[in-house]
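This report refers to the structure that appears directly beneath it.
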There are 2 protein chains.
Amino acid sequence: MQYCYQYPHPAVTTDIVVFTIQNQQLDALFVRRRNAPHQGQWALPGGFVDIDEDIDTCAQRELFEETNVSNLYLEQLYTFGQHNRDPRERVITVAYYALIPRDRLQPKAGSDAQEVNWFPINQLPELAFDHDLIIKKALERIAAKAHYSTIAFQFLPPEFTLPELQEVYQILRNETLDKRNFRKWIQSLDCLEETGDVRRNGSHRPAKLYRAKHPDVVEIIK
Amino acid sequence: MQYCYQYPHPAVTTDIVVFTIQNQQLDALFVRRRNAPHQGQWALPGGFVDIDEDIDTCAQRELFEETNVSNLYLEQLYTFGQHNRDPRERVITVAYYALIPRDRLQPKAGSDAQEVNWFPINQLPELAFDHDLIIKKALERIAAKAHYSTIAFQFLPPEFTLPELQEVYQILRNETLDKRNFRKWIQSLDCLEETGDVRRNGSHRPAKLYRAKHPDVVEIIK
DNA sequence: GCAAAAGTGTTACGCGTACACCCATGG
DNA sequence: CCATGGGTGTACGCGTAACACTTTTGC
């Protein structure tokens, strides 16, 4: 079966930069390509937009196929449309980024037999296509958002401690923060509530647990 | 001649929100549709991406075709990809916005016989497709940028006075600013230089003329 | 009792904001 | 000389940034 048009049409894909934080590092998810071009190289998860599928829905679907997790924070990033970015045919890709909390990482990410892997964002392998550009843009975006939104909560489980939250902000903003000032700031946003519980992990004072008042919305602050 | 594919392909367009400031108002440019669907309604300028044309280039081309002006500030805004946003076929549009200074407005914008018109953004006509959504997103973007960038310069001729610059900021941010505080702020950015000349317009003290130190870059500030 | 991380207040400085009068020109 | 808009400085308050010690636990 063939689909014919009076004028040439590009193919459209979505690619998703999936971020998580583990081992004190920001990691992104990649899939090893099994076919040419760029066979064997690592690439962002993604794929073609179905003809009657919204592009947001497509991104959600691709994301689920690679991570087995749904309902993640997902935001459109930028559209990459250099005419020669794919040697096979004209492909325009709408890039998204998604954030996945540690506690929802699957033991083996990926539903099919594909080889997938997390890489720390400062030790990336060589990437297929223009995916290095996409990553770069995604990093800029989340670093910026870490300054004026509650995006960091999306990396954490529903209950977390203030030192954990501070660590996420530090990794995203790539700077160390003063503990007292950070606490004063985050408390003043009135977006946290104590669970009443504590977390004990080590021979030291236990940390109080908090949860976000509105865990599903990324609030713009300041 | 037909172009055939193994899988259905969407059409891809770019639409451009062209902004200018005239008569103390922010205006956007629209084209009246001559064909169904939405025949007779106003729509954003835009059109199909050629198969071997970068999407940025396409936006530039469409922009030039409607305004006869090139080398404008042009930035990608967002990609709109609801599957049913165009009743004819699947069309994904990559929206851009452009800023055009007063002094480069053509007497009759538009190169061909199409009916084109500027509308103040708070008196928009009913728009075709989802173009109201696109405008809304573009307005949010430039209002935000007016707070943390030198975007306002792009609305002005190469030489301008401080009252003129302040007016642009006020329109974009939709608030009045204190004259002395505005001047202190803008001078502190070290992005202006006096031309040494003045502009006389009326029976009052003439205003000093300034130019941007880097007229082609929109600097991120603060 | 000691090591290790959690928790907690105060001070200083800079920036943003509020505010009123003189200046230069054209008619 | 008068109307019109251009141009200028200061004071106050708030928010950001710097900074050190006590608390609680596990071993």
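Numbered from 1 within each chain, the chains take letters A, B, ... in sequence-line order. Atoms considered below: every heavy atom in the structure, side chains included; atoms not considered: hydrogens, waters and symmetry mates.
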Polar side-chain contact [X]-[N] base: donor and acceptor under 3.5 Å:
X        : N      : value
A:Asn181 : D:dA18 : yes
B:Arg180 : C:dA20 : yes
B:Lys184 : D:dT10 : yes

What is the distance, to the nearest angstrom, from the [atom1] atom on [X] to the [atom2] atom on [N]?
X        : N      : atom1 : atom2 : answer
B:Gln166 : D:dG7  : CD    : P     : 11 Å
A:Asn201 : C:dA5  : CG    : C1'   : 9 Å
B:Glu175 : C:dA18 : CD    : P     : 10 Å
B:Arg200 : C:dA24 : CZ    : C1'   : 9 Å
B:Lys179 : C:dC22 : NZ    : C1'   : 11 Å
A:Leu162 : C:dT8  : CG    : C1'   : 12 Å

query = In a check of ring-ring contact (aromatic ring centres under 6.0 Å, His included) between A:Tyr169 and each of A:Tyr148, A:Trp185, A:Phe155, which one passes?
reply = A:Trp185

inquiry  = If we check salt bridge (charged side-chain N to carboxylate O under 4.0 Å, His left out) with A:Asp130, which of these qualifies: A:Arg85, A:Lys137, A:Lys136?
reply    = A:Arg85

ask   = In terms of the angle between their ring planes, are B:His131 and B:Phe129 parallel, tilted or perpendicular, with boundaries placed at 30° and 60°?
value = tilted

ask   = Quick one: on DNA chain C, does B:Arg205 or A:Pro206 contact a more 5' nucleotide (nearest heavy atom)?
value = A:Pro206

task = Identify, between B:His204 and A:Ser203, the residue whose nearest nucleotide on DNA chain D lies closer to the 5' end.
result =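 It is B:His204 whose nearest nucleotide is closer to the 5' end.
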
ask   = More 5' along DNA chain D: B:Leu209 or A:Asp178, using each one's nearest nucleotide?
value = B:Leu209

ask   = Looking only at side-chain N and O atoms, does B:Arg183 come under 4.0 Å of OP1 or OP2 in D:dG7?
value =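 So the side chain of B:Arg183 is within the cut-off, an N or O lying under 4.0 Å from OP1 or OP2 of D:dG7.
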
ask   = Can you find a side chain N or O atom of A:Lys208 that sits less than 4.0 Å from OP1 or OP2 on C:dT8?
value = yes

